[in-house]
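Below you'll find the structure, written out as structure tokens, and then a few comments.
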Amino acid sequence: MSKNNKRQFKLPGSVLAKIRAPDSEQDTSKEPLTAVDFNEQGMVFEESGDRWFSSDLSKALRFYYRAHESYKQALKLDPLLNGALYNLPRLEFEVYNKFTKDESVISDDLINCADALNSCGPEGLFKDIQSLCKSFEVSINILHQAGKAEFIEWASYFNMAMCYFEYIENMGNDPSCLQNLGLKNELILTVQRCISLFDKVFCHMTNVLNNNAIDETVNLEAAAVVCTESYRMLASVYETLYNADLVAVMDSITSDFITKIDSFASTLSIDIIPPDTLTTLKIAKLMLNASRHQDFGQFLQVWSSENELNDILEKQLLEASSIRSFLEKYETNDIQIPLEIKWSVLSVMANQYRVINNKLRKEITLLENSKSSENDALSSKISLLCSVFIERADIDLERSLMETPDAMQHKSILFNNCKNFLKNALIFSKKSGGLRESISGKNIRKKKQREALMRLCLIEGKSQDEWNQIIGEKYWPVEIEAIANVDAYKNFFS
């Protein structure tokens, strides 16, 4: 399972509602004339896009494009308008997360969206992650240079930190980012910038919470979210470090910040924060602590050190995913792991996903029998179970190809397990996600279906013409590109 499955960031609704308030009350029935009018119009368009996002992605994107144009027009009329400076990069990052990062969204499936899809470049709606970081920087710098730094919302710093977090994760996919890991290394500079942004948020929140300063957007739940994302950002960095020297370099950059997060988190009242939010915070800290270990035994020991978390699905999923990251940080840097150790690691992961599998199937049955499940609650569980089946297939295929005594003895069983897990993923991907399933939920289920079909086509030796019929001519190239990075399937490429 990819690192992107580890987090789905969202500020508490009470915070978002206040932060996204317009600069002033406007009559939206009138044609916009001023910068404030255009900023308000952009927010109206954006809210329409949010409403349509669950049922019509094309319509949602068209509204987001119109919102983006309105925010740009607002800044042409008033380059210092705080609301538009906040909204413009935030919307661009939102569109990145909803349309670019989400692999279930296929641009060819979007209807009448040419203007939006072609809106690229420095002023476009669609940007790569590095350009998005620059977009946030531009907005912040404009206010700093105008002597209006005090008007910058803490959420602006937080959104920018999350953007840099995404950039850090993307860099982690390239082993070369760890070469010459010194003060001028791009990864180090990016981590330092991300830390500085989170630090600004902590300073503001500390002032509000400790001194009763007036800011209705700051509450303990929001503070817990900031701590959680800070831990996760650091964990995503340490998960890529494959020797003690690299860890020591990163420790010199992060140790003071980790102490600050720990201190800040310890002051949060557990009686006020929602239990799920508090649990997620604890798991994020556990993930960071585990990621700093190079020895697999110590790594597992950290993950099992909090007994109260051991039966929680979120923790089990993140632990299993982090074991995959543990292997990948060595393999992507061409560091050979002894086969017996690798077999042991894969076997631990296989057992964990078996437990997760059983738990998810029970939860799906309960949701199917319930008439009051939330939108996409059933759909998301089904898609998650499909991901687990696919991961189990990948693990057993990889184990079947190993040359250890256990692998050789169970080779045919493991290979058949792989096919059966993929067939189970297909079966569940075709299940209904419920009457209120969103279009995004349906798209994710279809994506999981294509992932399983592509794998089956490879191991069953299907031809490219058959791929066209089974998966679709415009879909299989995306899937084959993703599977090309999975070592176990490389033997099946002809």
Side-chain angles (χ1 to χ4, degrees), residues 1-5 101-108 170 172-176 240 320-321 323-339 342-343 345-347 349-350 353 383 386-404 406-408 410-427 429 444-494:
M1 299 172 76
S2 69
K3 290 182 180 180
N4 289 339
N5 290 329
K101 181 180 174 180
D102 189 340
E103 295 176 345
S104 71
V105 176
I106 306 297
S107 59
D108 288 346
N170 283 10
N173 295 325
D174 180 6
S176 67
T240 66
S321 180
I323 294 175
R324 172 62 73 186
S325 297
F326 185 90
L327 283 176
E328 287 178 348
K329 71 180 175 184
Y330 296 109
E331 293 175 341
T332 56
N333 289 281
D334 297 323
I335 299 174
Q336 293 296 319
I337 301 174
L339 289 179
K342 184 173 181 179
W343 171 268
V345 173
L346 288 172
S347 298
M349 188 161 40
Y353 276 120
S383 294
C386 291
S387 293
V388 169
F389 275 128
I390 292 169
E391 183 66 29
R392 294 184 73 186
D394 292 354
I395 292 168
D396 275 7
L397 179 60
E398 191 171 2
R399 292 202 295 171
S400 75
L401 298 173
M402 294 178 67
E403 296 181 358
T404 66
D406 286 334
M408 300 294 286
H410 300 98
K411 185 180 183 70
S412 61
I413 295 174
L414 291 167
F415 186 74
N416 286 331
N417 283 350
C418 170
K419 290 196 289 187
N420 289 332
F421 288 143
L422 293 174
K423 290 174 182 177
N424 281 335
L426 282 178
I427 291 170
S429 70
I444 293 171
R445 283 195 298 106
K446 290 178 182 177
K447 176 69 169 66
K448 297 304 170 185
Q449 187 177 130
R450 294 193 295 269
E451 289 178 11
L453 283 170
M454 189 74 257
R455 283 163 165 77
L456 278 171
C457 284
L458 283 174
I459 64 178
E460 292 178 351
K462 303 289 186 184
S463 67
Q464 188 170 314
D465 287 338
E466 290 174 302
W467 297 358
N468 290 338
Q469 296 174 1
I470 296 170
I471 303 170
E473 188 173 357
K474 68 178 179 180
Y475 297 117
W476 69 255
V478 177
E479 301 306 329
I480 204 73
E481 182 180 358
I483 296 177
N485 296 320
V486 182
D487 285 342
Y489 292 91
K490 289 180 178 178
N491 293 334
F492 298 94
F493 284 86
S494 56

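What you are looking at is a predicted structure, and each value in this text was computed from that prediction instead of being measured.
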Closest heavy-atom contact between Y353 and S321? OH-N, 3.7 Å
I471 and C457: which non-hydrogen atoms are nearest, and at how many Å? CD1-SG, 4.2 Å
What pairs meet the ring-ring contact (aromatic ring centres under 6.0 Å, His included) rule with one or both residues in residues 445-489, with sequence neighbours excluded? W467-W476
Shortest non-hydrogen separation from D396 to C418 and the atoms involved: CB-N, 4.4 Å
Are the side chains of I470 and L456 in touch, meaning some heavy atoms are under 4.5 Å apart? no
Output the distance between atom CD (E473) and atom CG (D108), rounded to the nearest 0.5 Å. 11.0 Å
Calculate, to the nearest 0.5 Å, the distance between atoms CG and CE belonging to L414 and M402 respectively. 10.5 Å
Is there a side-chain contact between K342 and E331 in this structure, where contact means two heavy atoms from C-beta onward sitting under 4.5 Å apart? yes
What are the two closest non-hydrogen atoms of R399 and S347, and how far apart are they? NH1-OG, 3.0 Å
What verdict does the side-chain hydrogen bond (donor to acceptor under 3.5 Å, both in side chains) test give for D406 and T404, after you've listed the backbone C-alpha separation in whole Å, the side-chain angles of each residue and the deciding distance to 0.1 Å? CA-CA 6 Å; D406 286 334; T404 66; 5.6 Å; no
In Å, rounded to the nearest 0.5 Å, how long is the span from CG of L422 to CG of N417? 11.0 Å
In terms of heavy-atom contacts, does CD of E460 have more than 12 from other residues, nucleotides or ligands at under 6.0 Å? yes
Evaluate the side-chain proximity of F415 to L397: yes if any heavy-atom separation is below 4.5 Å, no if none is. yes
Qualifying residue, where the test is side-chain contact (heavy atoms from CB on, under 4.5 Å) with L458 and the options are N491, I483, V486: I483
Walk me through whether S463 and E466 qualify under side-chain hydrogen bond (donor to acceptor under 3.5 Å, both in side chains). CA-CA 5 Å; S463 67; E466 290 174 302; 3.3 Å; yes
Among S387, S104, S429, C386, which one satisfies side-chain contact (heavy atoms from CB on, under 4.5 Å) with I444? S104
Please say which of R455, K447, K474, K446 ends up in a salt bridge (Lys or Arg N to Asp or Glu O under 4.0 Å) with E479. K447
Separation of K490 NZ from L401 CG (nearest 0.5 Å): 12.5 Å
Pairwise side-chain contact, L346 with L327, heavy-atom cut-off 4.5 Å (strictly under): yes
Nearest non-hydrogen partners of M408 and E403, listed with the distance: SD-CA, 4.1 Å
Report yes or no: does N333 contribute a side-chain atom to a donor-acceptor pair with the main-chain N or O of K329 at less than 3.5 Å? yes
Pairwise side-chain contact, R450 with I106, heavy-atom cut-off 4.5 Å (strictly under): yes
Taking all non-hydrogen atoms of both residues into account, name the closest pair between A425 and F389 and its distance. CB-CB, 3.8 Å
In the structure I gave you, are the side-chain heavy atoms of K419 and N416 within less than 4.5 Å of one another anywhere? yes
